[in-house]
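No hydrogens, no waters, no symmetry mates; every other heavy atom, side chains included, goes into these values.
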Amino acid sequence: FVIGGTDSCGTSSLHKNLEQHPELAFSSTGEDFFFTADLAHRLLPLKSQVETYNAQLEHMKDGKWNSSGVRPWLIGICNPTIFAFGLAR
């Protein structure tokens, strides 16, 4: 799932509150810029970018599992400016 919005609309607050749930994890501890920074001028990511991103997701899930004892079943990204980038929509 994606927490998307515009600047100063509460995405960071929602992210911090949802992050406390043991069955939810996020791809990064802050805002995730994978779809805007890494793919800003590409329609599809490179295979290496997908592999790096998937490894990052596994790392975050393992970290959450180690801290809570529960394996997250839902992974989200948080990017308050995702709608500003045409290719990310």
Side-chain angles (χ1 to χ4, degrees):
F1 68 94
V2 174
I3 298 175
T6 60
D7 293 332
S8 301
C9 72
T11 54
S12 295
S13 177
L14 181 60
H15 177 224
K16 288 177 184 176
N17 287 317
L18 287 174
E19 194 172 41
Q20 295 177 15
H21 194 284
E23 294 179 341
L24 298 178
F26 286 89
S27 58
S28 67
T29 55
E31 297 170 354
D32 189 330
F33 294 101
F34 175 75
F35 293 101
T36 55
D38 294 344
L39 301 177
H41 303 291
R42 298 184 57 84
L43 187 55
L44 296 173
L46 299 172
K47 182 180 178 182
S48 62
Q49 290 173 311
V50 172
E51 290 170 348
T52 301
Y53 189 74
N54 287 341
Q56 178 184 347
L57 291 180
E58 286 302 316
H59 177 72
M60 295 305 289
K61 286 195 300 188
D62 290 344
K64 186 82 172 210
W65 190 6
N66 291 334
S67 67
S68 70
V70 178
R71 182 99 171 141
W73 60 272
L74 188 60
I75 305 295
I77 66 167
C78 180
N79 186 317
T81 60
I82 197 166
F83 296 117
F85 297 90
L87 290 176
R89 286 184 225 153

Output all residues satisfying side chain to side chain donor-acceptor pair (under 3.5 Å) with K64, sequence neighbours left out; order by chain, then residue number.
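Counting only residues at least two positions away or on another chain, K64 forms no side chain to side chain donor-acceptor pair (under 3.5 Å).
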Could you pull out all residues at least two apart from N54 that satisfy side chain to side chain donor-acceptor pair (under 3.5 Å)?
none
Could you go through the side-chain contact (heavy atoms from CB on, under 4.5 Å) check for H15 and F26 one step at a time?
CA-CA 8 Å; H15 177 224; F26 286 89; 3.3 Å; yes
E58 and K61 ion-paired at < 4.0 Å:
yes
For E23, salt bridge (Lys or Arg N to Asp or Glu O under 4.0 Å) partners two or more places apart
none
Which residues share a side-chain contact (heavy atoms from CB on, under 4.5 Å) with [X], sequence neighbours left out:
{"X": "N17", "result": "S13, Q20"}
{"X": "E51", "result": "K47"}
{"X": "L74", "result": "F1, L24"}

If I take atom OG1 from residue T52 and atom CG from residue L57, how far apart are they, to the nearest 0.5 angstrom?
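That separation rounds to 11.0 Å.
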